[in-house]
Visitor: 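Here it is: the structure, laid out below.
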Number of protein chains: 2
Amino acid sequence: MQKTKRLLAIEKLITEEEISSHEVLLKKLKGKGLNCTQATLSRNLRQLGAGRIPDGRGGYKYFLPDNSGNLPSKAAKIQVLPAIREIVEAKGLLVIKTIPGNASNTAFYIDNTSRFEIAGTIAGDDTILVIPRDGISINQVHTCLEIILPGLHEQIKKKNI
Amino acid sequence: MQKTKRLLAIEKLITEEEISSHEVLLKKLKGKGLNCTQATLSRNLRQLGAGRIPDGRGGYKYFLPDNSGNLPSKAAKIQVLPAIREIVEAKGLLVIKTIPGNASNTAFYIDNTSRFEIAGTIAGDDTILVIPRDGISINQVHTCLEIILPGLHEQIKKKNI
DNA sequence: AGAAAAAATGTATAAATATGCAGAAAACAA
DNA sequence: TTGTTTTCTGCATATTTATACATTTTTTCT
């Protein structure tokens with residue numbers, strides 16, 4: 001799954017460094033063994049919701065609007081991820097199973113990332129229903145979840161061995 | 001003073017409507033009798049710190065990063081503006097004179113707009129020292145103040161008649 | 001597995017945006 | 001005022017970014 005890796009790398013790069021153009025980003029990615037073209041980058045940046053603003057020194061830089069206002073901290077993420085046991089599709093929706101009692105934390109976390117792809121969530125005790133926005137495929141939601149919670153799918157695989 | 005008007009109009013337009021391109025903005029401005037070219041717009045948008053992000057529906061839109069987190073309300077602005085009596089340059093800095101006791105409110109307001117042009121302020125009882133960032137001219141600070149407090153300079157003229 | 005559908009990607013190019021330069025306008029000084 | 005300097009602007013164009021289309025890759029279904 002090349003794209004997911006790339007998306008994650010892009011997120012990391014534009015938050016940690018001042019990236020001034022697609023071209024620069026392209027080279028940085030190439031340096032990490034993630035090759036693609038400017039066209040793909042353009043699409044990926046849009047998908048990530050990445051924007052561009054003046055850098056205050058005559059140039060421009062890319063950035064990710066951080067929904068981090070009320071976003072759970074990195075620490076929270078570390079708690080959320082291991083609580084997830086399983087993800088299943090049902091009727092065009094995603095059902096996430098968690099360790100008992102952890103559904104609402106997890107759903108809260110997902111909600112607060114304010115990803116466009118996700119219309120909303122409903123949580124019980126150990127089950128979360130994730131409702132994708134119209135026009136968003138299940139796969140897109142998976143990618144989205146992977147962005148929110150890097151390592152998610154790999155972890156689930158392991159649990160199910 | 002055509003530029004100031006234009007800057008204000010641009011700010012208003014991109015915060016109140018979803019502007020998708022320079023071209024669209026150009027037409028809206030034309031509608032208000034403010035004519036210019038795309039080139040000028042490009043420069044103005046940079047000066048305003050305006051950025052562009054995906055609009056979540058396949059397109060893009062311009063926006064102003066709102067430093068409004070702790071920005072005084074519009075109401076506060078209405079109180080701040082009339083308290084300002086005079087603006088003088090001194091040694092590459094700006095000295096703002098206010099009605100007695102109003103300096104710190106006013107300085108607080110200016111600080112919290114987080115304009116790039118202004119490195120910081122120091123306030124006494126009726127006097128504020130505004131320190132422009134290196135490389136920023138006094139005129140640029142004036143423009144900046146006019147953006148923060150529309151009508152400022154016109155008001156000062158009247159007071160001094 | 002193999003067929004069918006969906007998603008991802010590259011290529012070429014269109015569209016959008018930024019900028020060097022020169023002239024115009026405005027601010028400033030005396 | 002008049003000359004001087006700074007800022008602003010448009011024009012033409014370079015640069016950058018987005019996208020239509022064709023192809024490949026990945027998923028989904030049976």
Side-chain angles (χ1 to χ4, degrees), chain A residues 1-10 14 19-27 29-30 34-55 57-63 87-92 94 117 132 135-144 146-147 153, chain B residues 1-7 10 14 19-27 29-30 34-55 57-62 87-89 92 117 132 135-144 146 153 157:
Chain A
M1 176 119 349
Q2 184 80 154
K3 189 185 174 187
T4 303
K5 268 189 198 147
R6 180 157 24 85
L7 289 179
L8 292 169
I10 292 171
I14 68 181
I19 303 291
S20 63
S21 72
H22 290 190
E23 197 177 3
V24 169
L25 186 49
L26 213 51
K27 282 178 187 164
L29 288 171
K30 193 154 287 180
L34 296 164
N35 293 55
C36 71
T37 60
Q38 177 269 325
T40 297
L41 222 46
S42 172
R43 295 174 184 123
N44 289 173
L45 284 167
R46 161 183 295 177
Q47 187 169 18
L48 289 170
R52 193 183 48 159
I53 43 171
D55 65 3
R57 289 188 310 281
Y60 290 83
K61 66 180 177 189
Y62 285 83
F63 77 106
I87 306 182
V88 209
E89 197 213 320
K91 299 181 187 298
L94 272 188
E117 295 92 330
I136 300 297
S137 75
I138 289 294
N139 256 20
Q140 286 176 302
V141 178
H142 273 293
T143 300
C144 166
E146 184 69 33
I147 289 172
H153 293 86
Chain B
M1 175 121 344
Q2 184 78 157
K3 189 185 176 187
T4 301
K5 266 188 199 150
R6 181 157 23 86
L7 289 178
I10 292 171
I14 69 180
I19 303 292
S20 62
S21 71
H22 290 188
E23 197 178 2
V24 169
L25 185 49
L26 214 50
K27 281 176 187 164
L29 287 170
K30 193 153 287 180
L34 295 164
N35 294 55
C36 71
T37 60
Q38 175 269 323
T40 298
L41 222 45
S42 172
R43 295 173 184 122
N44 289 173
L45 284 166
R46 159 181 295 175
Q47 188 169 16
L48 289 171
R52 194 183 48 156
I53 43 172
D55 64 3
R57 288 186 311 280
Y60 290 84
K61 66 180 176 188
Y62 285 83
I87 307 182
V88 209
E89 195 212 320
E117 295 92 329
I136 301 296
S137 75
I138 288 294
N139 257 19
Q140 285 175 303
V141 177
H142 273 292
T143 300
C144 166
E146 184 70 31
H153 294 86
K157 268 186 196 163

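By convention in this document, chain letters (A, B, ...) are assigned in the order of the sequence lines, proteins followed by strands, and residues within each chain are numbered from 1.
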Visitor: I want to check one thing: is the phosphate of D/dT17, taken as OP1 and OP2, less than 4.0 Å away from some side-chain N or O of A/R46?
Guide: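 So the side chain of A/R46 is outside the cut-off, no N or O lying under 4.0 Å from OP1 or OP2 of D/dT17.
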Visitor: Take atom NE2 of A/H22 and atom C1' of C/dA16, then tell me their distance rounded to the nearest Å.
Guide: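 The answer, rounded to whole Å, is 12 Å.
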Visitor: Any chance you could measure A/D55, atom CG, to A/I19, atom CD1, to the nearest 0.5 Å?
Guide: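 The CG atom of A/D55 sits 12.0 Å away from the CD1 atom of A/I19.
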Visitor: Do nucleotides 7-14 of chain C as a string where each nucleotide becomes B, S or -: B if the base has a protein heavy atom under 4.0 Å, S if just the sugar-phosphate does, - if no protein is that close.
Guide: SSBBB---
Visitor: Within this structure, what is the CG-OG1 distance for the pair B/L34 and B/T40, rounded to the nearest 0.5 Å?
Guide: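 Reported value, rounded in 0.5 Å steps: 12.0 Å.
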Visitor: With a 4.0 Å cut-off on heavy atoms, is A/S42 in touch with a base, just the backbone sugar-phosphate, or nothing at all?
Guide: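 Here A/S42 touches the bases of the nucleic acid.
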Visitor: Atom NZ of A/K27 and atom C1' of D/dT16: how far apart are they, to the nearest Å?
Guide: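 Interatomic distance, NZ of A/K27 to C1' of D/dT16: 14 Å.
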Visitor: Just how far, in rounded Å, is P of D/dT15 from CG of A/L26?
Guide: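 Value for this atom pair: 18 Å.
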Visitor: Using a cut-off of less than 4.0 Å, is there contact between a side-chain N or O of A/R52 and OP1 or OP2 of C/dA18?
Guide: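 So the side-chain polar atoms of A/R52 do come within 4.0 Å of the phosphate oxygens OP1 or OP2 of C/dA18, strictly under.
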Visitor: In whole angstroms, how far is the P atom of C/dT19 from the CG atom of B/L45?
Guide: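 Spelled out: CG on B/L45 to P on C/dT19 is 13 Å.
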Visitor: Does atom CD of B/E23 have more than 12 heavy-atom neighbours, drawn from other residues, nucleotides or ligands, at distances under 6.0 Å?
Guide: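 At most 12 heavy atoms, drawn from other residues, nucleotides or ligands, come within 6.0 Å of this atom.
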Visitor: Provide, to the nearest angstrom, the distance between the OH atom belonging to A/Y60 and the P atom belonging to D/dT15.
Guide: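 The answer, rounded to whole Å, is 16 Å.
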Visitor: Whether A/Y62 contacts D/dT17 is assessed here as follows: a side-chain N or O lying under 4.0 Å from the phosphate OP1 or OP2. Is that the case?
Guide: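 True: A/Y62 side-chain N/O within range (under 4.0 Å) of D/dT17 OP1/OP2.
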Visitor: Please report how far the helix from C/dA1-D/dT30 to C/dA30-D/dT1 bends, comparing the axis fitted to its first five pairs with the axis fitted to its last five, to the nearest 10 degrees.
Guide: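 End-to-end axis angle: 50°.
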Visitor: Taking only side-chain nitrogens and oxygens of B/H142, does any of them come within less than 4.0 Å of OP1 or OP2 of C/dA27?
Guide: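 No, B/H142 has no side-chain N/O under 4.0 Å of OP1/OP2 on C/dA27.
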Visitor: With heavy-atom distances below 4.5 Å as the criterion, would you say the side chains of A/L26 and A/N35 are in contact?
Guide: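 SC-SC contact between A/L26 and A/N35 ruled out.
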Visitor: Say whether, by atom type as modelled, one donor and one acceptor occur between the side chain of B/R46 and the main chain of A/G58 under 3.5 angstrom.
Guide: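 Checking the backbone N and O of A/G58 against the side chain of B/R46, a donor-acceptor pair under 3.5 Å is found.
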Visitor: Calculate, to the nearest 0.5 Å, the distance between atoms NZ and SG belonging to A/K30 and A/C36 respectively.
Guide: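 Those atoms lie 8.0 Å apart.
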Visitor: Could you tell me the separation between the CD atom of A/Q47 and the CD1 atom of A/I10, rounded to the nearest 0.5 Å?
Guide: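 Result: 9.5 Å between the selected atoms.
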Visitor: Starting from the C-alpha separation in whole Å, work towards a yes-or-no answer on side-chain contact (heavy atoms from CB on, under 4.5 Å) for B/I53 and B/Y60.
Guide: CA-CA 5 Å; B/I53 43 172; B/Y60 290 84; 5.9 Å; no
Visitor: Considering only heavy atoms from C-beta outward, does the side chain of A/F63 approach that of A/I14 to under 4.5 Å?
Guide: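 Result no, sub-4.5 Å side-chain heavy-atom pair not found.
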Visitor: How close or far is atom P of D/dC29 from atom CD of A/E89, stated in whole angstroms?
Guide: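 Distance, rounded to whole Å: 7 Å.
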Visitor: Nearest-Å distance, CD1 (A/I10) to P (D/dT17)?
Guide: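 The distance from CD1 of A/I10 to P of D/dT17 comes to 13 Å, rounded to the nearest Å.
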